[in-house]
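A note on names: the letters A, B, ... follow the listed sequences, proteins ahead of strands, and every chain is numbered from 1. From a predicted model like this one, the values you see are computed outputs, not experimental measurements.
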Protein chains: 2
Amino acid sequence: MIRLSKKADYSLMALKHILAKENEPSSAREIAQTYGIPFEVLAKLLQKLTRKGYLISQHGTKGGYSPAPASQTITVRDVLEAIEGPLALLDCSNPRKGTCDQEKYCSVRRPLARVEQKVLELLGRTTLREI
Amino acid sequence: MIRLSKKADYSLMALKHILAKENEPSSAREIAQTYGIPFEVLAKLLQKLTRKGYLISQHGTKGGYSPAPASQTITVRDVLEAIEGPLALLDCSNPRKGTCDQEKYCSVRRPLARVEQKVLELLGRTTLREI
DNA sequence: ACAATATCCGATGAAATAGGTCGGATATCT
DNA sequence: AGATATCCGACCTATTTCATCGGATATTGT
């Protein structure tokens with residue numbers, strides 16, 4: 001299969017929400033309620049995005065998340081990589097996995113890598129602003 | 001995550017193998033050994049592809065699978081859909097899943113559906129022949 | 001006829017992944 | 001001080017995916 005995880009969906013929704021109200025920070029709880037997302041799950045996603053530099057977090061009452069400068073040009077690909085690590089259509093081009101058993105016999109690796117590349121380019125061209 | 005399953009990889013490798021030798025049928029056992037794929041898993045994949053009309057199966061000694069006419073123009077997308085059912089980047093556009101809880105609030109559905117469409121087009125343009 | 005070799009089919013078990021939960025810490029505003 | 005935030009790690013559970021097993025049917029060659 002080829003799909004976006006729920007976490008990815010959640011992240012994109014939350015990011016769009018935060019980008020829409022640049023002036024006041026949005027709390028994780030508020031976003032979670034608005035979109036029906038489990039609070040704890042969303043909190044962790046936003047933390048990851050913060051560490052990656054796409055959001056700025058503000059503790060305390062009236063706190064929440066606001067867009068960081070880097071979020072202006074953030075793409076779908078950026079979000080996915082922040083949430084799920086390096087993207088890999090193929091296991092054998094996935095740095096997290098070990099080497100592929102079929103490596104030496106595999107006849108489809110090269111051509112599929114090109115397809116993979118195109119998909120990644122497509123995701124990298126789609127900014128969150130235009131969503 | 002966004003990835004091709006192992007089954008998809010296996011299927012693509014096997015199909016390419018079968019298409020390469022159009023003259024004599026290739027047995028599942030032979031292919032499984034050549035590429036280091038578990039025999040039973042591969043057998044089921046080839047059965048699915050046969051039911052979809054991309055392959056012709058031949059029982060008995062000297063039997064095996066040979067390319068059906070429909071395999072001439074088969075694309076990566078065709079293979080994926082045959083093996084894993086309808087493709088869906090998003091859960092909410094997946095006919096196998098129920099309706100999405102966030103449906104009414106979700107602000108990213110429409111734009112992502114366009115991205116999904118583009119990815120599917122890309123996979124649908126890539127034929128197995130050119131791989 | 002018989003044996004060997006194929007595909008076929010369903011059910012089941014095991015491993016990996018993703019999604020969700022819990023407990024507690026730190027920071028900020030009122 | 002107390003309420004409300006983010007923060008962090010560990011853990012549990014459901015789902016999905018991968019692999020295995022047992023047995024049936026069909027075809028070919030001896």
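Distance from the side chain of A:Thr61 is smallest for C:dT28 among the nucleotides C:dC8, C:dC9, C:dT28. Side-chain proximity of A:Tyr65 to the nucleotides D:dT6, C:dC9, C:dT28 is greatest for D:dT6.
Rounded to whole Å, atom P of D:dT6 lies 21 Å from atom OH of A:Tyr54. Atom-to-atom, CG of B:Leu46 to P of C:dA6 comes out at 13 Å; the value is rounded to the nearest Å. As rounded to whole Å, 14 Å separates atom C1' of C:dT7 from atom CD of B:Glu30. Note: CD1 (A:Ile83) to P (C:dT17) measures 18 Å, nearest angstrom. Across the protein-nucleic acid pair, B:Arg29 atom CZ and D:dT20 atom C1' stand 14 Å apart, rounded to whole Å. Between the NZ atom of B:Lys6 and the C1' atom of D:dT17 there is a distance of 10 Å, rounded to whole Å. Taking atom CD on B:Gln47 and atom P on D:dT25, their separation rounds to 15 Å, with Å as the unit. Per the geometry, CG belonging to B:Leu42 stands 13 Å off P belonging to C:dA6, to the nearest Å.
The shortest distance between the side-chain N/O atoms of B:Tyr10 and the OP1/OP2 oxygens of D:dA19 is below 4.0 Å. Close to D:dT16, at under 4.0 Å from its OP1 or OP2, lies no side-chain N or O of A:Arg3. For B:Arg51, a side-chain nitrogen or oxygen approaches OP1 or OP2 of C:dC9 to under 4.0 Å.
Checked by distance alone, B:Ser57 brings no side-chain donor or acceptor within 3.5 Å of a matching partner on the base of C:dT7.
When heavy atoms are screened at a 4.0 angstrom cut-off, B:Ala43 is found touching no nucleic acid atom at all.
Two residues, B:Lys7 and B:Gln58, neighbour DNA chain D, and the one matched to the more 5' nucleotide by heavy-atom proximity is B:Lys7. Where A:His59 and B:His59 meet DNA chain D, the nucleotide closest to each residue was compared, and A:His59 sits on the side nearer the 5' end.
Checking B:Ser66 against B:Gln58 by side-chain atom types alone, no donor-acceptor pair falls below 3.5 Å. B:Glu130 and B:Thr127 form a side-chain donor-acceptor contact under 3.5 Å, judged by distance and modelled atom types alone.
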Which atom pairs link the protein and nucleotides 21-24 of chain C when you take only N or O atoms and keep those under 3.5 Å?
| from | atom 1 | to | atom 2 | distance (Å) |
| --- | --- | --- | --- | --- |
| C:dT21 | O4 | A:Lys44 | NZ | 2.3 |

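Residues A:Leu123 and A:Asp78 are not in side-chain contact: their nearest non-hydrogen atoms beyond the backbone lie 4.5 Å or more apart.
Considering A:Tyr65, A:Tyr35, A:Tyr10 as possible partners of A:His17, the one that fulfils the ring-ring contact (aromatic ring centres under 6.0 Å, His included) test is A:Tyr35.
Judged by distance alone, with hydrogens and angles left aside, the side-chain atoms of A:Asp9 form no donor-acceptor pair with the main-chain N or O of A:Lys6 at under 3.5 Å. When atom types are taken as modelled, the side chain of A:Ser71 and the backbone of A:Pro67 share no donor-acceptor pair closer than 3.5 angstrom.
In this structure, B:Lys16 places its NZ atom where more than 12 heavy-atom neighbours from other residues, nucleotides or ligands lie under 6.0 Å away.
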